[in-house]
Q: 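Sharing a structure with you now.
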Amino acid sequence: MNPQQTNTAHSLYALYETLPANVQQTFLEELVQKKHHEIKALAFSDPSVNEKRNTVILGVMEDAFSIPDNFDAALPEDMLNEFYTHKL
């Protein structure tokens, strides 16, 4: 759903909320009567069926970079001190 559709949907719902309770009820009854197949499909659909899956390609970055042997080594003291400051 694009931002314009989202804003329109939100505006329509805000308008719906301003209606008296009996008008809201009548609107919902008519909506269900006329759009019951679409409502049922939305309410009871399996979300995993509608989701577009990202394809994972294992090994695509193989040999693209390497982790240095000293990756877990402690940082030099002056570099560590740069992470801490009394100024905010």
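This one's a predicted model, so the numbers in the text were calculated from it and none came from an experiment.
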Q: Nearest 0.5 Å, please: how far is CD in Gln33 from CD1 in Ile39?
A: 11.0 Å
Q: Hydrophobic clustering (ILVMFWY, side-chain heavy atoms < 4.5 Å, transitive) - are Phe71 and Phe83 grouped together?
A: no
Q: Write down the atom of Leu80, the atom of Leu75, and the distance for their closest heavy-atom approach.
A: CD1-O, 3.8 Å
Q: Between Leu15 and Leu31, is there a shared hydrophobic cluster once you connect ILVMFWY residues whose side-chain heavy atoms come closer than 4.5 Å?
A: no
Q: Not counting sequence neighbours, list each pair that qualifies as a side-chain hydrogen bond (donor to acceptor under 3.5 Å, both in side chains) and has a residue in residues 60-79.
A: none
Q: Holding to ring-ring contact (aromatic ring centres under 6.0 Å, His included), I want the full list of residues that pass it with Phe27, two or more places apart in sequence or in another chain.
A: Tyr16
Q: Please report the interatomic distance CG(Leu19) to CD(Glu17), rounded to the nearest 0.5 Å.
A: 9.0 Å
Q: Is Val23 reachable from Tyr13 through a run of hydrophobic residues whose side-chain heavy atoms are each under 4.5 Å from the next?
A: yes
Q: Would you say Ile67 has more than 12 foreign heavy atoms packed within less than 6.0 Å of its CD1?
A: no
Q: With a cut-off of 6.0 Å (strictly less than), are more than 12 heavy atoms of other residues, nucleotides or ligands near CD of Glu29?
A: yes
